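The structure appears right after this line, and notes come after that.
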Amino acid sequence: MTQTNAPDTTVAVRTQQEQQAPSKLRAAGRQFGVVWSNTKARVGICILAFFVLVAILAPLLAPYGASQNGFERNADATWAHWMGTTAAGEDVLSQLIYGARVSVLVGAVAGFLSTLVAVAIGLSWGYIRGWVAEVIGFIVNLFLVIPGLPLMIVIAAYLQNGGITVIIAVIVVTGWAWGARVLRSQTQSLRSRDFVTAAQFSGDGATRIVFREILPNMTSLIVGSFFGAATSAILAEAGLEFLGLGDSSIVSWGTILYWAQNSNALLTGQWILLFAPGLCIALLAMSLTLINFGVDAVSNPRLREGARRKKEAAA
């Protein structure tokens with residue numbers, strides 16, 4: 001009997017897994033459809049896709065190397081240099097294209113790590129009770145009370161010239177607390193639901209309940225937290241580089257602003273050195289913010305109902 005039932009059990013498990021995979025894909029597709037149906041989110045996705053493609057294809061799109069400096073200094077826009085050159089004889093357009101790599105990389109990595117820390121601490125803080133929760137709450141509130149920008153400047157100044165790795169670490173250390181507090185509130189709301197109570201009575205451990213029962217019901221909130229953290233990371237990286245607290249030898253939008261300030265670009269009439277990277281930073285941060293509107297519609301059905309009523313009224 002054992003030899004006969006074993007293959008049947010294996011086939012049943014495989015069939016269940018095969019059924020779950022398409023259902024997950026369909027659920028992800030429906031959620032993306034909700035995000036894409038939002039006009040603001042659609043615009044944000046297009047802008048973000050543009051910058052990601054520019055960052056990936058930078059060697060093909062840039063007319064010159066990022067640090068190639070054998071050109072005329074402080075030259076105006078010409079057919080050879082569409083945005084002119086810097087005080088060091090570098091092509092501004094090429095630096096602008098290569099600078100997208102740093103901002104996209106920092107936004108993705110720092111946003112992911114900040115969200116990861118926020119998820120781990122927020123879910124644990126919301127589910128665990130007792131003195132451990134009090135200690136976690138004290139640490140989170142401490143990071144929330146301390147002003148983020150001065151703390152970031154102090155840490156970056158102490159670890160100066162550490163490269164992008166140090167900037168990402170500084171952003172992660174100072175940027176996880178707000179997301180952890182939001183996730184903690186949602187975890188406390190979900191822990192009183194029937195499916196969590198059923199899992200507790202069935203003997204499941206706290207780790208399994210948190211990451212297998214509660215976490216899947218917070219996907220849209222976590223995604224929204226990621227986009228918020230990525231936006232803050234992009235702005236923080238540009239700010240630290242502009243203040244000279246990063247690695248000035250790399251090419252990023254923040255370092256373009258830093259060297260433009262040092263060379264008095266406005267006094268020499270090269271306003272493009274300040275305007276172009278500033279506009280790119282604003283557009284990239286705005287794209288993530290716009291996508292967050294669509295993510296909010298996934299987690300809040302009332303927003304979808306309001307959008308549907310507007311479309312019906314317009315029709």
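As the structure is a prediction and not an experimental result, all values here were calculated from the model.
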Full working for side chain to side chain contact (heavy atoms under 4.5 Å, CB included) between T86 and R73 = CA-CA 6 Å; T86 65; R73 297 184 179 184; over 6 Å; no
task = In sequence, state the C-alpha distance, the side-chain angles, and the governing distance for Y127 and I209, and then conclude on side chain to side chain contact (heavy atoms under 4.5 Å, CB included).
result = CA-CA 9 Å; Y127 187 81; I209 293 174; 3.5 Å; yes
task = Please assess N217 against R193 for the test side chain to side chain donor-acceptor pair (under 3.5 Å), listing each intermediate value before the final yes or no.
result = CA-CA 11 Å; N217 293 278; R193 301 289 179 87; over 6 Å; no
ask   = How far apart are the C-alpha atoms of L221 and L183, what are their side-chain angles, what is the distance that settles it, and do they pass the side chain to side chain contact (heavy atoms under 4.5 Å, CB included) test?
value = CA-CA 8 Å; L221 190 63; L183 294 174; 3.8 Å; yes
query = Could you go step by step and tell me if W176 and T115 meet the side chain to side chain contact (heavy atoms under 4.5 Å, CB included) rule?
reply = CA-CA 7 Å; W176 59 269; T115 305; over 6 Å; no
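Tracing side-chain contacts under 4.5 Å through hydrophobic residues (I, L, V, M, F, W, Y), one reaches L190 starting from V210; they form part of the same cluster. Residues V106 and I97 are members of one and the same hydrophobic cluster, defined by side-chain heavy-atom contacts under 4.5 angstrom among Ile, Leu, Val, Met, Phe, Trp and Tyr. Put simply, Y98 and L105 are part of two different groups of oily side chains (I, L, V, M, F, W, Y) that touch within less than 4.5 Å, one to the next. Cluster membership check: L257 shares its hydrophobic cluster with I272, using side-chain heavy-atom separations under 4.5 Å among Ile, Leu, Val, Met, Phe, Trp and Tyr. The cluster map of Ile, Leu, Val, Met, Phe, Trp and Tyr, joined by side-chain heavy atoms under 4.5 Å apart, puts M83 and Y64 in different clusters.
Shortest non-hydrogen contact noted between G65 and Q68 is N-OE1, 3.1 Å. Between L290 and K40 the shortest heavy-atom distance is CB-O, 3.2 Å. What you find for Q188 and G126 is that their closest heavy atoms are CG-O, 3.5 Å. S287 approaches L284 most closely through the heavy-atom pair OG-O, 2.6 Å. Between S37 and R42, the closest heavy-atom pair is O-NH2, 3.3 Å. G179 and S225 make their closest contact through CA-OG, 4.1 Å (heavy atoms, listed as atom of the first residue, atom of the second, distance).
Rounding to the nearest 0.5 Å gives a distance of 10.5 Å between CD1 of I153 and OG1 of T174. Rounded to the nearest 0.5 angstrom, L96 CG and S252 OG are separated by 11.0 Å. The line from CD1 of I281 to CZ of F51 is 10.0 Å long, rounded to the nearest 0.5 Å. Summarising the geometry, atom CZ belonging to F226 is positioned 10.0 Å from atom CG belonging to L113; distances are rounded to the nearest 0.5 Å. Rounding to the nearest 0.5 angstrom, the gap separating the CG atom in N69 from the CD atom in Q95 is 9.5 Å. Between atom CD1 of residue I164 and atom CD1 of residue I171 there is a gap of 8.5 Å, rounded to the nearest 0.5 Å.
For the side-chain hydrogen bond (donor to acceptor under 3.5 Å, both in side chains) test, residues two or more places apart in sequence or in another chain that qualify with D91 are H81, S94.
Screening residues 212-241 for salt bridge (Lys or Arg N to Asp or Glu O under 4.0 Å) gives R208-E213 as the qualifying pairs, with residues at least two apart or on separate chains.
Annotation: side chain of L288 is in contact with side chain of I234 (closest heavy-atom distance under 4.5 Å). Inter-residue side-chain proximity for I56 and V104 is flagged as unmet; no heavy-atom pair is nearer than 4.5 Å.
The local environment of CZ in F50 is sparse, with at most 12 non-hydrogen atoms from other residues, nucleotides or ligands closer than 6.0 Å. More than 12 heavy atoms of other residues, nucleotides or ligands lie within 6.0 Å of CZ in R101, so this atom counts as buried by the packing criterion.
Using modelled atom types, one side-chain atom of T289 and one backbone atom of A285 make a donor-acceptor pair closer than 3.5 Å. Listed for the S103 side chain is no donor-acceptor partner under 3.5 Å among the backbone atoms of A100. For the pair W125 (side chain) and A133 (backbone), a donor-acceptor distance under 3.5 Å is present. Remark: side-chain polar atoms of T85 are not paired, donor with acceptor, to backbone N or O of F71 under 3.5 angstrom.
Just one of V140, L116, I139 meets the side chain to side chain contact (heavy atoms under 4.5 Å, CB included) condition when paired with I121; it is V140.
Membership of the apolar cluster around W259 extends to Y258, as traced through chained side-chain contacts below 4.5 Å between ILVMFWY residues.
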